[in-house]
Amino acid sequence: MKQGLLSWSHCPYPKPLSSPFSTTIKPRFPKPKSSTITVTLNSVDENLLTGRERRQMRNERRESKPAYNWKDDVETKLIKKPTKRYASWTEELNLDNLALLGEQWWVIRVSRVTGEETAERMARAMIRTFPSMDFKLYLPSVKIKKKLKSGIISVKPKPLFPGCVFLRVVLNKELHDFIRECDGVGGFIGSKVGNTKRQINLPRAVDEADIEAMLKQAKEEQDKADRAFEEEELKASEAKKNGAVDSPLVTQTKSGVRGRKAAAAGKSPSLKTGSTVRVLSGSFAGFSGTLKKLDKKTGLATVGFTLFGKETLADIDAKEITAEMN
């Protein structure tokens, strides 16, 4: 029996067995599973951190932001100078350059009390001096209606912008100086231009959007005033139907309280067309006029008054007038 020695060496892996085939078996070992954990500052709940850690996080966020230097922005604005519209300051004072803007709306200052009269005088003067010039003059106002005791409806304009008149025209130096010299005109609304040597008030044009808003406001105010007048008329007619009429026994006048005889004097048969009558109460109390017409059905008398050299007719209640004794 033959005996042989077997050689042994320490090997961590067993050697593959020899086989008649060319394939070799490779051992497979499981790879360790590793998971990566990424933690950011934003994912951490700040409520669970201490005050010191929160301050540190805020400082890190500030440092991560790009720095802003306001001095650089100011320097760039100072370096880039705006382009001048005019070559010299004297050219800016030339009012003929306003004609290059074309037709624009301009605002003229006038008196608050006599603004409407000033606008009419200025319009007539412009028509006489510049007959071929096209212009529009607008004084925004609301017509307030009010019914007087005599039955006459008075219409009084209430300006929306007291002291301002709007003019649409191609403005130049000649027209500017002409308007400035009109009576009651205080000049154009604008801004001062020039330097210490010479300064003028350069008129400033009004935008079309502002004019449209002004026209819309005037229309709304006029509609509101008309509705208020209609409501007053309806209330007065309803009160008259319900019998709420002033008592004819006592009538309050400017001169005092008159009794039944004065109130009943309007029913005197001496009232005839063409006779001279005297008003006892109402808006024309104390005035004397000529009786033009007497309507017995409505109880109204048409009286003619001579005011400022012109005859004015007014419908007055027959109870408020009496015939004057010759």
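It should be emphasised that the depicted structure is a prediction, and the values quoted were computed from it without experimental measurement. Numbering starts at 1 and runs along the sequence shown.
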I'd like to know whether CD of E120 has more than 12 heavy-atom contacts from other residues, nucleotides or ligands below 6.0 angstrom.
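Count over threshold, so yes.
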[atom1]/[X] to [atom2]/[Y] distance, rounded to the nearest 0.5 angstrom?
X    : Y    : atom1 : atom2 : value
E232 : K235 : CD    : NZ    : 7.5 Å
K173 : L98  : NZ    : CG    : 11.5 Å
L139 : L167 : CG    : CG    : 12.0 Å
L160 : Q222 : CG    : CD    : 9.0 Å
L95  : N172 : CG    : CG    : 9.0 Å
H176 : N201 : NE2   : CG    : 7.0 Å

Using every non-hydrogen atom in the two residues, find where [X] and [Y] come nearest and quote the distance to one decimal.
X    : Y    : answer
A301 : L294 : CB-CD1, 3.8 Å
A218 : V142 : O-CG2, 4.5 Å
M126 : L175 : CE-CD1, 4.0 Å
S141 : P157 : OG-CB, 4.2 Å
I189 : C164 : CD1-SG, 4.3 Å
K143 : A225 : O-CB, 4.4 Å

Run through V107, I179, L202 and flag the one making a side-chain contact (heavy atoms from CB on, under 4.5 Å) with F188.
I179
L291 pairs by side-chain contact (heavy atoms from CB on, under 4.5 Å) with which of T302, T276, V303?
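Per the side-chain contact (heavy atoms from CB on, under 4.5 Å) rule, the option paired with L291 is V303, out of T302, T276, V303.
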Answer with yes or no whether the hydrophobic clustering places [X] together with [Y]; edges join I, L, V, M, F, W, Y residues whose side-chain heavy atoms lie under 4.5 Å apart.
X    : Y    : value
M122 : V113 : no
L148 : F229 : no
Y138 : I211 : yes
F135 : I108 : yes
M133 : V170 : no

Under 4.5 Å between any side-chain heavy atoms of [X] and [Y], yes or no?
X    : Y    : result
M214 : F166 : yes
I144 : V155 : no
T322 : V277 : no
R52  : Q56  : no
F161 : Q217 : yes
L215 : P140 : no
M57  : R61  : yes
R109 : V185 : no

Report yes or no: do E63 and N59 form a side-chain donor-acceptor pair below 3.5 Å?
no
Quick one: does any side-chain atom of [X] pair with a main-chain N or O of [Y] as donor and acceptor, under 3.5 Å?
X    : Y    : result
W106 : V206 : no
T114 : S111 : no
S154 : K146 : yes
R204 : G190 : no
D315 : L300 : no
D207 : D210 : no
R54  : L49  : yes

Does D183 form a side-chain contact (heavy atoms from CB on, under 4.5 Å) with R121? I'd like the steps, not just the answer.
CA-CA 8 Å; D183 294 337; R121 284 199 307 270; 4.2 Å; yes
Pair F130 and F178, ring centroids less than 6.0 Å apart:
yes
What do the steps show when you test I321 against L280 for side-chain contact (heavy atoms from CB on, under 4.5 Å), and what is the final call?
CA-CA 6 Å; I321 62 174; L280 302 176; over 6 Å; no
Between D223 and R227, is there a salt bridge with N-O shorter than 4.0 Å?
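Judged by the 4.0 Å cut-off on N to carboxylate O distance, R227 and D223 do not form a salt bridge.
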Is the shortest side-chain N to carboxylate O distance from E221 to K216 below 4.0 Å?
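So E221 does not pair with K216 through a salt bridge.
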